[in-house]
Structures are given as C-alpha cells and as structure tokens.
Protein chains: 2
Amino acid sequence: MKDDAQARLEELIDKLRERDHRITPQRLAILKILVLSDGHPSTEQIYGQIKEEFPTTSLATVYKTIAMLKEMNEVLELGFAGDSNHYDGNKPYPHTHLICVKCRDIIDPEVEDLKILPQQVAQRAGFRLVSHRFDIYGICPRCQSEEQ
Amino acid sequence: MKDDAQARLEELIDKLRERDHRITPQRLAILKILVLSDGHPSTEQIYGQIKEEFPTTSLATVYKTIAMLKEMNEVLELGFAGDSNHYDGNKPYPHTHLICVKCRDIIDPEVEDLKILPQQVAQRAGFRLVSHRFDIYGICPRCQSEEQ
DNA sequence: GTAGGTGCAAATCGTTTGCTGATTC
DNA sequence: GAATCAGCAAACGATTTGCACCTAC
C-alpha cells in the first residue's frame, strides 16, 4: 500500500476509535477499498470488492459504514439520480469532477480552483454557504476511440 | 401569462408539432406549468399542480411528457439522489444553481459565467465536452431567519 | 380510421430500516 | 458482559414499463 493511502487509512481508523466506533474486519476492508481507490467507487463496486475478501458481507453493511463516514465528514458522496452513489474517501471535500457519460468513469481533473466563487454567489443571494458541486460531463478518450 | 412565458409556450408547442407529437390537454397543462414556474418544479410538484386542472392525470403521464421534452433538449433535468428530479423548461441549458439544503428551494443566482472553463478542463484531459453542472448548496435567507 | 397518448398497476432499482444473532472491546 | 455491529429480509420512494382503452389528428 502506498504511503499516503496507508496514512489516510490510519487517520480514518484513529477517527473511528475517537468516536468509539468499533473496528470490525468488514469496516477495515471497506476503509481499505476507499483509500486505495484512485477513482470514486460506487456502493456496488465496494460491495463487489469486499465480497472477494468477506463473501458473506451484505450491502447493508456497506451502506451503514458509508453512512457513518458521511456523518464524520470523512467521505465525499457523489449522488446521481438513477445510478449508484459514488464515494471519495481520500478527498472528502468539494472538488471538480470529470465524468464520462458513456463508461461512467469519474476522474479528478487538474483544474484552477473556483476559489471564492461559491461563497461569493451564495453571499450575494443572502445564502449561508454549505458546500458546492461542480461536475463536468464528457466522453473520455477511451470511449471516443471506441466510437465506430 | 407574461409575454416571455407565452412565447416560450408557443415555441414548445411548435416544436412538438414539428415532431408530430400530439398536443393533448395534459401535455399543454404540463408545458404551461413548466414555462410559468419561476423555480424548478419537481415531478411531484408538477403532478400536484396538474391535478387541480385534470384530476385524473397520472404521474406516468408527467414522466412521459418530461421524457419527451428531455429527448428534444427542451428541458433541463436536475437529478438528485434520493429526491425527486427538478426541471427547468425555460433555460434548458447548463447554468448555475443555488440550492437551499433545508427547504430545497432552487434559484438561478446572478453569477459570472464559467465561460470556457468546462471546455478547458475537458479538453486538457482529452474528454469531448458534453455538458456540466454547477450547484451551490447553502441555507436561504428565510430558513436562516427561522433558525431559532 | 389510426397512430400515438393516457392511466392504471406492476415491476425495477438504489437505499434504508427492523430485527436477531454475533462480535468487539 | 454489554453495547455495538453484521446480515438478512422487508420496506421505501422515485422512476419506468406493459397493456388496454381512448383521443388528436
């Protein structure tokens, strides 16, 4: 495991302990999957991966673990209508996503920061800023080359 | 009905005719609701409103009409995981939204255009741009004042 | 008259919940 | 040992679909 993934995993474990959450084998496996994923795995993908190690694990456990991480603000949820949610356990704060509409791959592009724009827009309308989401949809290079 | 809403309604009717879609009373009512809404009504809200005029209308008809408009690119769909989708029939192209996380009100804020940013980000990663979505979440003035 | 639309009910899919037996601490 | 958790199945809510009847053109 890469150093930064290892460090993030230990950080998460510490935070669970702080809150008196138990470190069960299933939770540990889910945390590992999250910190080791480059992409933004969906619940189904996490479920599929964890079944390799713990075949009896249920989807409910995946959901419950993620709900716990959400409550701790240690995972970023990318919800999609009519599709599984995807999760980022490494950068649990708003950031730009580039999403392929064909293969549904999600990457973090290099992008100039939006900086104070969300705060500015919210303030101007009298809103107290909570968060924001910026998704760019396109066709990824691989899917482009596969077009006829 | 305001002039611009009237004009948009006629535009939509023309586009339906062009494609040999029939102008049924239910469809007309849904189109009216869409062009007259300042906000971004959800399917449930559209359903609720249309029932006042046509009590027998079904949710399925609302969904089917919206699916037709989506296919014609005449409505912008704002999908939310675990919530009804919302629709904008007046500005059926990507634009920034400001969303209250408490009352779920959605407004179009005055905002400097993102301009070429989505295209720039997509291009840099080799993606062909399809669309984008920029949502800012916060607490609206009314909900702030209602906080004890 | 006929292609297309409406409305109903059933099916679907992701997610959540209730509960019982098992496990971490 | 006790509080928490895992796993199962049932419940849920938004959306979609199949189909018989109906209606705009």
For [N], take OP1 and OP2 only and decide whether either is under 4.0 Å from a side-chain N or O of [X].
X: A:Q26; N: D:dG7; result: yes
X: A:T24; N: D:dC5; result: no
X: A:R27; N: D:dC5; result: yes
X: A:H21; N: D:dC5; result: yes

Counting only N and O atoms by type, is there a donor-acceptor contact under 3.5 Å from the side chain of B:Q144 to the main-chain atoms of A:G126?
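Confirmed, B:Q144 side chain pairs with A:G126 backbone.
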Anything under 4.0 Å to a heavy atom of chain A counts; send over the first and last such nucleotide of DNA chain C, read 5' to 3'.
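Contact boundaries, 5' end first: C:dG14 to C:dC25.
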Closer than 4.0 angstrom, basic N to acidic O: yes or no for [X] and [Y]?
X: A:K32; Y: A:E52; result: no
X: B:R8; Y: B:E11; result: yes
X: A:K102; Y: A:E146; result: no
X: A:E74; Y: A:R19; result: no

Taking atom [atom2] of [N] as reference, at what distance in whole Å does atom [atom1] of [X] sit?
X: A:E71; N: D:dC5; atom1: CD; atom2: C1'; value: 15 Å
X: B:Y87; N: D:dT15; atom1: OH; atom2: C1'; value: 9 Å
X: A:R22; N: D:dA3; atom1: CZ; atom2: P; value: 10 Å

Would you indicate what A:D83 reaches in the nucleic acid, counting non-hydrogen atoms under 4.0 angstrom: base, sugar-phosphate, or nothing?
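Sugar-phosphate, no base atom in range.
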Categorize B:N85 for me: base, sugar-phosphate, or nothing, with a 4.0 angstrom heavy-atom threshold over every strand shown.
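Contact class for B:N85: sugar-phosphate only.
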Aromatic ring pairing A:H132/B:F134, orientation class (parallel under 30°, perpendicular over 60°, tilted between)
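Plane angle over 60°, so perpendicular.
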By a strict heavy-atom criterion of less than 4.0 Å, which residues belonging to residues 59-68 of chain A are in contact with DNA chain D?
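The stretch gives A:A60, A:T61, A:K64 as the residues lying under 4.0 Å from the strand, ordered by number.
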Flag for A:E10-A:Q6: side-chain donor and acceptor within less than 3.5 Å:
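Side-chain D/A pair, A:Q6 to A:E10: present.
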Within 45 degrees of the axis of the six-membered ring of A:F80 and under 6.0 Å from its centre: does A:R133 put its NZ or CZ there?
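A:R133 over A:F80 ring: yes.
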Under 4.5 Å between side-chain heavy atoms, counting indirect links through other Ile/Leu/Val/Met/Phe/Trp/Tyr residues: same cluster for B:M72 and B:V130 or not?
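Shared cluster, no.
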In terms of the nearest nucleotide of DNA chain D, which residue is placed more toward the 5' end: A:S58 or B:P25?
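So the residue in question is A:S58.
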